[in-house]
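Notes follow once the structure below has been shown.
Keep in mind that what you see is a predicted model, and the values were worked out from it rather than measured. Counting convention: from 1, in listed order, for ligands and their atoms alike.
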Amino acid sequence: MNMEGGCSCRAIRYKLTDSPLIVHACHCRDCQRITGSAFVINLWIERSAVEVSGKPKSFMLKGGSGANHEVFFCPSCGVYVWSVYHGAPGDCLFVRAGTLDRPESVTPDAHIFTRSKLPWLELPAGARAFKEFYKFDDVWSPQNRERLRKSAKH
Ligand SMILES: [Zn+2]
Ligand SMILES: [Zn+2]
């Protein structure tokens with residue numbers, strides 16, 4: 001699986017050295033606005049598993065929980081490459097699947113904040129969907145919960 005990607009002008013390139021902990025399709029209003037689209041696809045992955053070349057800039061949004069949501073983008077072409085949710089556990093990035101060289105290599109494990117899902121969008125049959133968020137124990141494997149816990153230590 002080719003898990004490399006980057007922005008449109010190639011000033012930012014990245015490589016994922018591990019599989020994502022989970023893949024979210026987020027239908028919240030912030031993600032709709034940032035992507036200019038119906039939802040974002042985020043790869044939740046340890047910061048240590050993302051090799052980056054180039055220096056993205058960032059700006060800060062207030063997330064729904066009140067915690068900061070830091071959005072990183074290429075200073076040359078403006079493409080949003082990942083987010084850091086300061087309220088989320090672990091030291092992780094939320095990499096935009098649309099910036100992968102092969103975005104078809106991932107499928108959402110969970111659709112979140114579907115309360116603001118656009119009404120014309122039908123989720124695939126059997127998709128795991130949550131009006132807001134979920135309980136980790138209900139969705140994450142024990143292995144990935146352990147990976148997340150470890151990421152917070154350094
Ligand atoms: Zn760029
Ligand atoms: Zn969102």
Check: Phe130 ring centroid to His27 ring centroid under 6.0 Å: no
Nearest heavy-atom neighbours spanning Leu100 and Ser105: CD1-OG, 4.1 Å
Criterion side chain to side chain contact (heavy atoms under 4.5 Å, CB included) against Asp91, the qualifying member of Lys150, Glu46, Arg47: Arg47
Aromatic ring pairing Trp44/Trp140, orientation class (parallel under 30°, perpendicular over 60°, tilted between): perpendicular
Whether Tyr134 and Phe136 hold their rings parallel, tilted or perpendicular, with breakpoints at 30° and 60°: perpendicular
Where the Zn ion (ligand 2) is the vertex, angle from Cys26 SG to Cys28 SG to 10°: 120°
Backbone of Ala38 reached by a side-chain donor or acceptor of Gln32 within 3.5 Å: yes
N/O/S atom of His27 inside 2.8 Å of the Zn ion (ligand 2), strictly under: no
2.8 Å cut-off met by an N, O or S atom of Cys31 to the Zn ion (ligand 2): yes
Heteroatoms of the protein, restricted to N/O/S, which lie under 2.8 Å from the Zn ion (ligand 1): Cys7 SG, Cys9 SG, Cys74 SG, Cys77 SG
Under 3.5 Å side-chain donor-acceptor pair for Glu70 and His86: yes
